[in-house]
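The structure appears below as structure tokens.
All ligand and atom numbering here is 1-based and tracks the order in the structure. Here the structure is a predicted model, which is why all the values come from computation and not from measurement.
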Amino acid sequence: MKKTALITGASGGIGSAAARALARDGFRLALCYNSDEAGIKRLAKELNKSTDAFTAKVDVSNRAQVDSAFEQAAEEFGGISVLVNCAGISQQKLFTDITEADFDRMMAVTVKGTFNTCQAALPFMINRKRGKIINISSMWGVAGASCEVHYSAAKAAVIGLTKALARELAPSNIQVNCIAPGVIDTKMNSCFSEAELEALKNEVPMGRFGSPEEVAALISYLASEKSDYVTAQVIGIDGGFI
Ligand code: NAP
């Protein structure tokens with residue numbers, strides 16, 4: 001089977017950069033999006049010049065939609081060898097202002113979403129005794145962020161899930177790792193004002209934000225045979241922030 005990857009959040013900044021990097025690495029791609037249909041169609045058109053890519057609308061918190069994307073991948077590609085979980089949402093609120101619905105949505109997309117995609121991917125990987133799962137957490141899942149308690153808690157849960165699953169799957173030669181980005185220049189940070197972004201930038205030892213392409217380079221490494229002995233790791237890419 002040619003190398004195949006399913007990317008959630010492929011319509012986003014990090015996910016689309018990951019898709020371009022994996023296309024260059026020779027992967028066939030299942031590009032999952034949630035709402036940005038125009039964006040994902042543009043990306044698929046671009047990538048279909050060099051590889052096979054199909055798109056699927058998947059709310060990762062919905063197991064039926066997740067299963068259906070993997071079924072399509074099985075039909076079109078014969079399975080999936082790499083799963084990249086880039087889907088995510090953010091929200092800045094004082095802890096006392098976070099509603100039960102805010103909390104439930106954060107957990108549903110971030111934690112249940114990761115659970116859903118990992119469980120749906122495994123049958124393809126276990127059968128072949130080969131596979132890679134790359135989860136995108138956050139430096140805030142490691143350190144905790146003020147006004148992002150539910151986001152930090154959900155991203156910490158992704159780290160716990162990654163480490164535990166990696167140990168369970170190591171005998172099956174499936175590597176599970178987590179990336180913990182710092183502030184990366186994507187639309188996820190469009191909620192901040194110019195002044196807030198400048199203040200945030202000044203807190204980064206390297207004095208700049210990361211680019212989606214820099215995170216994608218790490219994803220490319222973790223998706224490749226070069227990282228076959230790397231598993232259960234949380235790899236920071238944050239300009240020295242943490
Ligand atoms: P982004 O550009 O806002 O992209 C977010 C992606 O998640 C989009 O593709 C979006 O799809 C998708 N998404 C949102 N809700 C979803 C759902 N319910 N089901 C499936 N997909 C859903 O943000 P990004 O910066 O690329 O973020 C990618 C990942 O990196 C996220 O997990 C984020 O938490 C993490 N991260 C980002 C930063 C940062 O500073 N940017 C730092 C640390 C960690 P649609 O656009 O199609 O709706």
Side-chain angles (χ1 to χ4, degrees), residues 6-21 29-44 55-70 83-92 101-102 104-117 120 134-145 148 150-159 161-162 178-192 196-197 200-201 203-204 208-216 218-219 234-239 241-242:
L6 184 144
I7 305 174
T8 71
S11 45
I14 294 173
S16 59
R20 290 187 178 98
L29 297 170
L31 304 170
C32 301
Y33 70 105
N34 185 46
S35 61
D36 186 4
E37 189 173 357
I40 204 80
K41 295 286 176 218
R42 267 196 309 277
L43 181 69
T55 66
K57 180 168 165 57
V58 179
D59 176 345
V60 290
S61 68
N62 181 318
R63 183 55 181 261
Q65 290 183 23
V66 169
D67 286 344
S68 149
F70 277 93
L83 166 65
V84 187
N85 277 314
C86 290
I89 51 173
S90 65
Q91 191 179 43
Q92 283 76 39
D102 291 335
D104 287 348
R105 186 70 192 145
M106 186 62 72
M107 291 294 157
V109 174
T110 312
V111 189
K112 189 178 169 205
T114 307
F115 166 81
N116 281 341
T117 54
I134 303 156
N135 294 323
I136 311 299
S137 176
S138 164
M139 67 175 174
W140 301 133
V142 178
E148 293 188 67
H150 53 343
Y151 180 81
S152 303
K155 291 300 194 183
V158 170
I159 291 173
L161 186 155
T162 301
C178 199
I179 294 176
V183 188
I184 308 299
D185 191 10
T186 72
K187 68 176 184 308
M188 184 160 275
N189 296 310
S190 58
C191 53
F192 295 114
E196 286 169 331
L197 288 172
L200 200 51
K201 209 173 273 181
E203 285 186 59
V204 184
R208 68 170 178 88
F209 297 149
S211 72
E213 290 72 25
E214 287 172 315
V215 182
L218 195 46
I219 293 172
V234 181
I235 304 174
I237 174 161
D238 60 16
F241 207 123
I242 298 293

Selection from [options] by shortest heavy-atom distance to [atom]:
| atom | options | value |
| --- | --- | --- |
| atom 5 (C) of ligand 1 | G9, G88, A18 | G88 |
| atom 42 (C) of ligand 1 | G141, S138, S35, G182 | G182 |
| atom 10 (C) of ligand 1 | A10, S11, G13 | S11 |
| atom 18 (N) of ligand 1 | D59, L200, D185, L31 | D59 |

Close approach, [X] and ligand 1, non-hydrogen under 4.0 angstrom:
| X | result |
| --- | --- |
| R105 | yes |
| E37 | no |
| S90 | no |
| T8 | no |

Near [X], which atoms of ligand 1 are under 4.0 Å from a heavy atom of that residue?
| X | value |
| --- | --- |
| A87 | 7 (O), 20 (C), 21 (N), 22 (C), 32 (O) |
| N189 | 39 (C), 40 (O), 41 (N) |
| I89 | 14 (C), 15 (N) |
| V109 | 18 (N) |
| V183 | 40 (O) |

Item to complete: Answer yes when K112 and D59 have at least one side-chain N-carboxylate O distance shorter than 4.0 Å, and no when they do not.
Response: no

Discussion item. Counting C-beta onward and ignoring hydrogens, is there a side-chain heavy-atom pair between I136 and I219 closer than 4.5 Å?
Written reply: yes

Worksheet item: What residue and atom, counting heavy atoms only, is the protein's closest point to atom 29 (C) of ligand 1, and at what distance?
Response: C86 O, 3.1 Å

